[in-house]
Every structure is written in C-alpha cells, then in structure tokens.
2 protein chains.
Amino acid sequence: MSRATLAVDDLVAAARSGSHRAVARLITLVENDSPQLRPAMKALAPYAGHARLIGLTGSPGVGKSTTTSALVAAFRAQDLRVGVLAVDPSSPFSGGALLGDRIRLSDHALDPGVYVRSMATRGHLGGLAWAAPQALRVLDAAGCDVILIETVGVGQSEVEIAGMADTTVVLLAPGMGDGVQAAKAGILEVGDVFVVNKADRDGADATVRELRQMLTLGAAPAAGAWRAPVEKLVAASGSGLDEVLAALDKHWSWLASSGELAARRTRRASDEILALALGELRSRMGTLDDHALLASLASSVVAGSADPYSAADELVASVS
Amino acid sequence: MSRATLAVDDLVAAARSGSHRAVARLITLVENDSPQLRPAMKALAPYAGHARLIGLTGSPGVGKSTTTSALVAAFRAQDLRVGVLAVDPSSPFSGGALLGDRIRLSDHALDPGVYVRSMATRGHLGGLAWAAPQALRVLDAAGCDVILIETVGVGQSEVEIAGMADTTVVLLAPGMGDGVQAAKAGILEVGDVFVVNKADRDGADATVRELRQMLTLGAAPAAGAWRAPVEKLVAASGSGLDEVLAALDKHWSWLASSGELAARRTRRASDEILALALGELRSRMGTLDDHALLASLASSVVAGSADPYSAADELVASVS
C-alpha cells in the first residue's frame, strides 16, 4: 500500500471519528482534484448513503443563509449532526470561497456537530456536477445525519442543485415577483417544499396563493404522488419553522415509502459516474495547446476541408 | 448516393441560391438532430467561414432586440446579407421558439437579404454548445455576410454565447446596476465592445464612467492588445449607431491583423468537435432506463459497494 493511500486512510478514519480538520482536508482534495481523491473516495464509499440531503434554492435576497442557519439550529436541537455545503457556481474554483466559511453561519462556528463548507466551482472541469457530489460524500461518510446544500451567488444552477438533493426546498419572499421567475427558471417542477420566507412582510399571503395556484395548474397528480406544500416562514425569528420541519419530515417519509428515495439516489449516482467518465474521456482528447489531434482537426474544420462530424468521429476513434 | 443525401444536396444548393425556406429546413435538421444533419453539414462545410459573427449579450431589459434590429438595418444599408440567430437557452428545445420568429424583427420580415431564426436549446443533449454552431454554419454557408447572435431569456449563458462569436457586444442600460452584475457574471472579460443603450436616460454617463473604470482596473494591456471601447447608443432612434458600427469595424480589422480571428475560430471549431465527440460517447453509455451497464454501476455506488471512480472506469472501458 502506497504512502499516499495510507495517509488517505488515516484522513478518512479521522474524519469518521469527528475531526473537522480531516473533513476539510478531504474536501480540499476534491477542490484540487488531487491524485489522492480516488483512494479517498474509494475509502469513503462504504460509509456514504446515511445522510439526508436537503437542497435550498432561491433568488438572492430571499434569506437563504438565515433559513439555513435556522434549520441547522433546529436539527442540532434534535441532536443530529449537520453539514452545510454552500456552493457558488458563479465564482472561480479557488480558495476565495473559504472566506465564506468564516463569515457565514458564525452562530454555529464553535459547534462540533456542525460542518460548514463553501465551494466555488466555476471554471472547474465538470464544475458543480463533478465537485459537489464528492464533497457531499465526504460530509455524508463523516457521519452527518442531515446535509443542507445551499447555492450562493447568482445563476441558473438552482435546478442543478436540486438534482443533488433528496429534498429540494425552494425559498421565495413576498413581493419579489418570484412566482413568475420561478416558473421561468423551471423551479416549480423541482421544488419538493416551497417556503415563503419573510412572511411577516406585506404580500406574503398573496405570494402563497399565487404559488399554490401555479403548483396546481398542471394535470392532477397521480395517486400517491407528492404534492409540494407551501409554508410560511420568518427565518429570522423562527416563526413557522416547526411547520417547515414537519413538511421536510413528511417528504422524507414519502421518499422512503414511495421508492422515490432509491430512484433519486440511483439517478444521482448515474449522473456522477457519467460526469467522471466523460471527464476522463475529455482529458484524453487533449487541448489545442498541446498540438494534439484536436488542434489539427479544428484547423481542418476552420479551413472547410473537414466537417465537424467527421472530425468528431476521428477524435472519438483516437480515445476508444 | 442515397436518396436522403441527394435531397440534402438539393437543400444546400437551394439555401446557397437564396431560398429562405431551404435555410429554415436545414436549421430544423439541427433542431431535430435529424439523420440528414451529418450529410448536410458535410455539404455545407466548404462554404462556411465567410460570415462575420457578432454576438449580442446583456440582461433582459437592456434593449437587445431593438439593438439587433437597428444593426440589421445598418448592415442592410451597406447591402450586406444579414442572419440573426436568437438563442433561448432557458426554453425547451421545441417548435415553440418559432413563434419568436414571427413576432420579432418584423421590420425585416419581407427583406430577402435578412434571415431570422430563433432556437430554444434547453433540455437538448449538449444544448447550446451543440446546436448553435451548426445553425450558424447553415446561415454562414447560405451566404450571410454578417450574423448577429442574440440571447433571449434569462440565464448565465452569455459567456457561452460570447464563445461563439468573432466579436462580442455587451449591452447595458443606465441605472440597472449592470456594471456590478456584469463583473459578477464574468462578462467584462468576454466583451469586445460595450454599448450603453438607452443613453438618453438619466445616469448614462455614470454607467459609461463606471464601466470604463472597471475595464481599466486590471493590468495594463499588452502592446497590440484590444482595448474594449464603451459606446453610447439609443437603439430606438439610431442615435450613436454610427459609432457602434465604427467600433465593430475597428474590432473586425483588429481580429484579422492580430491573428486573433484565426485563433478564435480554431478554438470554436475545437469546442464544436469536442461537443460532438463527447455527445457520441455519452450516447454510447446508455441510460438508467435501458438497463445498461450504467444502471448496475449506479446501483453499486448507491449501495456503497463501488466508488464512483471505479464505476466510471468501467463505463469508460465499455465505450472504448
């Protein structure tokens, strides 16, 4: 067994026995696409699959951080270990994201039962689809009972985040015209639980009504299908939090009893395997700069002496 | 020669001799990922590479459509054939986009020298990266001198659109806090020409100033590098249009003299070949539903009996 593998085994053991530092180092392996990542993921695999993954999504300003913090406190009160992965797909993949760890969720900074990690994924090969599932596996295998996945920053990756969670919570706030925005962004389809935060503001009831209307617009759901509830919340004061937690628990029970949990997790694993497989094949195809076959094919297409399909065939043959 | 190929050759000949209907049918082949697409692209390849591709990007509300329409009129006045490809990455890939063709750019609806096409790409395998270059090749080979590529809808694919153009125009409007948004979205780096539209509104000069400041923040550009100008425009009245056109021409000259045109086009061809090659490999990997290897690998990962890397290795081996 190589020294690297031994070190990874130590790291995994430390993470499993509660070391925040070991968890952080394992996620750094993901961020750096380290050669140690493979053995680490191999060592972590048997321990993953326990955590309940809850995605939080919504436009900037709806109070995602406050809601995340309130949920963390609630789950901690149930003595559950909680992980928070804050993903910023609009920021470059770099250490800059670490700053976020320090300024966010500071209420829980000293709680050994809470793991908080920010991750920026822009510009990374495969981006979010590649990095986030691996970071989630680290938190999961480290013993988190619940992991909250939160998007920070702008962008349309809400739908992508939803694809990584067992339960997706869509947050809205009154008077932001969010209903229409959500419909546009395809978020109505992916929300399992809708939460109108800042519900002490004017227009909260109208937003709830609007949302319920939009959610019932489509065809009647099949028997046994999940009907996404709309809950009101004031995350800053905790008002409505019990109802949100009850909705989350109800969805969790439904996931198990309907078989949807297994289906979602299989779909996720499939996405992850595909992302890794395509990443590997992509890396075999080289770049323009290393004067690989790709560069000469691209020149032929620009010159009009080859069409892109024939060029792609040649490239595929070269990695097959 | 097969009958399908003959039909494609006829279609290409008709498109090259000015038939709008033939151009539309060729782009429909792209949208449908038709089996005739390959022979069509092969037949079109020798004729492509003539058109000057100008991408227009900016937030909703900055006046992209009005600016596109003004630019079309200006290029038509120079007796150039103009194509417009309006891409909506946030809408499903379907015939619904066709409606857009009818309601947009109606000023030019009867002009045989103007080709307008909308395209929705969401949900399509490879999406924008796959479909748009092929639609552009059709317009290019059909004899367009200039092609305007415009994003419609919301989303962060501005940067992706920019990667398809020779010249990228970033549109902003006064008082939308767009400077900061643009910086966040990574748009400052991709803009070749910045246009502050609706420049008769309050705050236009401040927006221009803010933008110029942000553009000069980085390191001093190397000798011979392009310095993106910031122009004011009132697209609705045409005020400032001459200056915008002059900036576009200047960038076009710089592209040729600096060698950057060839570099950008080679990079684009490379991206296109890669998208096709990865699409082909992806399709060989099957889906969860067809009970392929992928499905059993995903189940193993969910069960913790395999790690995703080993699973990906097996999948790669199966298509290689």
Side-chain angles (χ1 to χ4, degrees), chain A residues 37-38 41-49 89-90 122 133-134 137 153-157 181 184-186 262 265-270 272-282 285 287-288 294-295 297-313 315-316 319-320, chain B residues 37-38 41-49 89-90 122 133-134 137 153-157 181 184-186 262 265-270 272-282 285 287-288 294-295 297-313 315-316 319-320:
Chain A
L37 186 57
R38 274 187 82 107
M41 285 295 143
K42 210 177 175 79
L44 289 165
Y47 308 113
S90 64
R122 178 170 152 202
Q134 311 214 48
R137 181 168 293 105
V154 289
Q156 57 185 3
S157 46
Q181 291 297 333
K184 270 194 183 173
R265 289 185 166 188
T266 306
R267 212 177 307 135
R268 282 209 308 264
S270 158
E272 192 181 355
I273 295 168
L274 281 170
L276 289 171
L278 289 169
E280 164 60 23
L281 287 164
R282 170 67 193 87
M285 291 176 185
T287 67
L288 278 178
L294 178 59
L297 292 171
S299 299
S300 304
V301 168
V302 171
S305 58
D307 69 286
Y309 282 90
S310 313
D313 285 348
L315 193 61
V316 166
V319 300
S320 297
Chain B
L37 187 57
R38 275 186 82 106
M41 285 296 145
K42 210 176 174 80
L44 290 165
Y47 308 112
S90 65
R122 178 172 152 198
Q134 312 212 47
R137 180 169 293 106
V154 288
Q156 58 185 3
S157 46
Q181 290 298 334
K184 269 194 182 171
R265 291 186 164 188
T266 306
R267 213 177 306 134
R268 283 210 307 264
S270 158
E272 192 181 355
I273 296 167
L274 281 169
L276 289 171
L278 289 170
E280 165 61 22
L281 288 163
R282 170 68 193 84
M285 291 177 184
T287 66
L288 277 179
L294 179 59
L297 292 170
S299 300
S300 304
V301 168
V302 170
S305 58
D307 69 286
Y309 281 90
S310 312
D313 285 347
L315 193 61
V316 166
V319 299
S320 298

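Each chain gets a letter, A, B and so on, in the order its sequence line appears, and its residues count up from 1. All values derive from a computational prediction rather than experimental measurement.
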How far does [atom1] of [X] sit from [atom2] of [Y], to the nearest 0.5 angstrom?
X: A:S299; Y: B:R265; atom1: OG; atom2: CZ; result: 13.5 Å
X: B:R282; Y: A:L274; atom1: CZ; atom2: CG; result: 4.5 Å
X: A:S300; Y: B:I273; atom1: OG; atom2: CD1; result: 7.5 Å

Name the member of A:V319, A:L278, A:L315, A:V301 that forms the most heavy-atom pairs with chain B at distances under 4.5 Å.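 The option with the most such pairs is A:L278.
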Between A:L37, A:L281, A:T287, which has the largest tally of heavy atom pairs under 4.5 Å with chain B?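 Between A:L37, A:L281, A:T287, the count favours A:L281.
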Nearest heavy atoms of B:A277 and A:A312, plus distance in Å: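 Shortest heavy-atom contact: N-CB, 3.7 Å.
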Contact summary for A:T266 and B:A298, nearest pair of heavy atoms: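 In terms of heavy atoms, the two residues are closest at O-CB, 3.5 Å.
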With a 4.5 angstrom heavy-atom cut-off, which part of [X] approaches chain A: side chain, backbone, both or neither?
X: B:A303; answer: neither
X: B:M41; answer: both
X: B:L288; answer: side chain
X: B:L297; answer: both

At a 4.5 Å cut-off on heavy atoms, which part of A:R137 comes close to chain B: side chain, backbone, both, or neither?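 For A:R137, the side chain is the part near chain B, not the backbone.
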Given that the side chain runs from C-beta out, which part of A:A306 has a heavy atom under 4.5 Å from chain B: side chain, backbone, both or neither?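 Only the backbone of A:A306 comes within 4.5 Å of chain B.
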Using a 4.5 angstrom heavy-atom cutoff, name the option from B:S270, B:P46, B:A262, B:A269 with the most pairs to chain A.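 Option with the top pair count is B:S270.
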Test item: B:R38 and A:D313 side chains (from C-beta on) under 4.5 Å apart, heavy atoms: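 Result yes, sub-4.5 Å side-chain heavy-atom pair found.
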Polar side chain donor-acceptor pair, A:Y309 to B:Q134, under 3.5 angstrom: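 Yes, B:Q134 and A:Y309 have a side-chain donor paired with an acceptor closer than 3.5 Å.
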